[in-house]
Number of protein chains: 2
Amino acid sequence: MTKASNASTEPSSTIADRIFDQMRQAIVEGGIPAGSKISEPVLAARYGISRGPLREALRRLESIKLVERRANVGARVIQLNSDQLLEIYDVREALEGMAARIAAERMPEGAIEELKALLAHHRGDIARDDWQTYFQEEGDLDFHFRIVQGGGNRRLVDILCNDLYHLARMYRCQFGMRSERARDALKEHELVVDAIAARDGELAEWLMRRHIRASREAIARRLVP
Amino acid sequence: MTKASNASTEPSSTIADRIFDQMRQAIVEGGIPAGSKISEPVLAARYGISRGPLREALRRLESIKLVERRANVGARVIQLNSDQLLEIYDVREALEGMAARIAAERMPEGAIEELKALLAHHRGDIARDDWQTYFQEEGDLDFHFRIVQGGGNRRLVDILCNDLYHLARMYRCQFGMRSERARDALKEHELVVDAIAARDGELAEWLMRRHIRASREAIARRLVP
DNA sequence: ATCCGCAGCATTGTCGACAATCAGGATTGA
DNA sequence: TCAATCCTGATTGTCGACAATGCTGCGGAT
């Protein structure tokens with residue numbers, strides 16, 4: 001149960017919101033194939049709703065860049081290519097670096113303790129060569145999620161958790177992220193947490209940026225071998 | 001004529017898009033007061049359209065955080081308080097710093113020349129004590145806009161130009177930005193451009209971040225005197 | 001006098017139908 | 001044979017009406 005999927009906590013009172021959540025999950029996890037065309041009537045029939053709420057859900061999916069729409073033509077699920085993926089990592093480097101700095105300045109002590117406990121849990125997973133669990137449960141994104149939330153900058157939280165992390169998950173579900181970097185990543189995570197616990201914002205930012213840059217390089221290396 | 005308002009170049013074939021543009025401008029410039037409640041029937045009547053396209057426009061305005069919606073209650077224009085404004089500047093510092101770094105690495109020479117010409121124009125404005133023109137034409141945002149676009153990272157362009165810059169304009173229109181910082185800002189702009197022209201990405205990022213941080217401090221000083 | 005419950009009203013959410021627009025294929029002319 | 005054109009089919013955009021939900025004011029009970 002990852003904290004990153006916190007949208008299900010609300011009762012989703014309106015149909016459009018519920019369809020939005022369902023479609024987002026389906027797109028991220030591959031249930032709706034990337035690049036496929038979306039026909040409003042058939043999707044409305046599949047979900048058993050009218051076109052009105054479906055269109056609103058599509059608008060929201062468009063706003064988080066999971067589908068592309070052209071007027072009078074229709075909507076397609078995005079097809080993430082390598083360039084866009086690397087662009088996302090540039091944005092993440094900048095944003096999460098700032099998030100780590102703010103977290104070092106303002107994250108409550110209790111949240112830092114929870115973060116340490118989470119890392120201890122991850123350490124146990126990796127020691128048991130349990131990589132699959134680690135990445136399948138998206139412990140990595142959970143770690144990043146908590147740091148971003150720890151600083152309390154709502155706009156930062158919004159951009160990262162509502163937009164970019166879904167793309168990251170989509171990439172992992174689609175290309176089947178192998179986890180040879182899990183051990184290094186965990187080590188980098190620990191350094192970041194140490195800097196945050198020491199309230200060293202500048203170091204936390206530097207370490208987080210280096211960590212994300214390393215992930216980016218690992219992906220770039222796998223993308224164009 | 002600022003490049004930042006490039007949405008009017010398209011014919012806006014669909015009504016919802018046109019209404020979205022109109023309402024965005026009205027909210028940013030104060031035509032629709034901040035914090036006011038939005039009634040779908042009265043607004044639809046005012047614009048002479050049905051509620052369908054209006055609702056889609058509202059969804060898009062919600063996605064760029066210009067209006068807030070609650071299910072079964074309605075939509076309100078956002079009320080920007082000082083905390084959120086400072087949060088935006090933190091995000092801008094991170095994002096535009098990265099943008100300056102990328103611009104230094106990849107911006108075409110021609111675009112750099114145009115940037116220099118723009119700064120020369122601004123220098124002339126300020127030398128004539130023509131501050132009002134400088135800020136009224138939003139030369140500042142135009143400068144930032146060009147640098148963000150120069151790097152070619154589409155996601156960076158999207159976040160900054162479609163979300164954050166509108167908020168910045170809204171703040172200026174609402175609180176009447178005085179321009180005692182215009183002279184300093186211009187000097188900082190010139191340093192950034194010099195670093196980009198020298199292809200020094202690290203320096204460009206550092207200068208841009210310091211520039212935005214200085215703007216943030218100036219605002220914070222005026223906010224709680 | 002204050003608080004709770006209820007009814008009425010206004011607003012939002014949802015639906016089905018109509019009009020406008022675009023994509024693709026058949027047709028015709030050079 | 002190739003290209004341009006028109007037509008057809010389907011899909012999207014828009015509209016008005018109905019249903020569901022939340023807010024507001026009043027009446028009554030404590």
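In what follows, every chain begins at residue 1, and chains take the letters A, B, ... in the order their sequences are listed. Worth knowing before you read on, the calculation uses all heavy atoms, side chains too, and leaves out hydrogens, waters and symmetry mates.
- Atom CZ of B/Arg51 is separated from atom P of D/dA19 by 15 Å (rounded to the nearest Å).
- Over its length, the helix from C/dA1-D/dT30 to C/dA30-D/dT1 turns its helix axis by 10°, as judged from the five terminal pairs at each end, rounded to 10°.
- Between C/dT14 and A/Thr14, a contact under 4.0 Å exists linking OP1 or OP2 to a side-chain N or O.
- No donor-acceptor contact under 3.5 angstrom links the side chains of B/Arg76 and B/Ser36, judged on distance only.
- A/Gln25 CD: 12 or fewer foreign heavy atoms inside a 6.0 Å radius.
- At whole-Å resolution of the value, OH in B/Tyr47 and P in D/dC15 are 15 Å apart.
- Residues B/Ser215 and B/Arg181 have side chains that bring a donor and an acceptor to within less than 3.5 angstrom of each other.
- Considering only side-chain atoms of A/Ser39, the nucleotide from C/dA23, C/dG16, D/dT11 that sits closest is D/dT11.
- Between the side chain of B/Arg216 and the main chain of B/Leu86, a donor-acceptor pair closer than 3.5 Å is present.
- Without hydrogens or angle criteria, B/Arg59 side chain to A/Arg59 main chain gives no donor-acceptor distance under 3.5 Å.
- If you check residues 52-72 of chain A against DNA chain C, the residues with a heavy atom closer than 4.0 Å are A/Pro53, A/Arg70, A/Asn72, listed by number.
- Side chain of B/Ile15, nearest nucleotide from C/dT12, D/dT14, D/dT12: D/dT14.
- One atom, CG of B/Asp17, and another, P of D/dT12, lie 15 Å apart when rounded to the nearest Å.
- A salt bridge links A/Asp142 with A/Arg146: the distance from a Lys NZ or Arg NE/NH1/NH2 to an Asp or Glu carboxylate oxygen falls below 4.0 Å.
- Side-chain contact between A/Arg101 and A/Met208 is absent, with no heavy-atom pair separated by less than 4.5 Å.
- B/His211 and B/His189 share a side-chain donor-acceptor pair at under 3.5 Å.
- Remark: side-chain polar atoms of A/Arg69 are not paired, donor with acceptor, to backbone N or O of A/Gly74 under 3.5 angstrom.
- Residue A/Ile19 is classed as having no contact, given no heavy-atom separation below 4.0 Å to the nucleic acid.
- As a whole-Å value, the separation of B/Glu40 CD from C/dT12 C1' is 6 Å.
- At D/dC23, none of the side-chain N or O atoms of B/Lys37 fall inside 4.0 Å of OP1 or OP2 (strictly under the cut-off).
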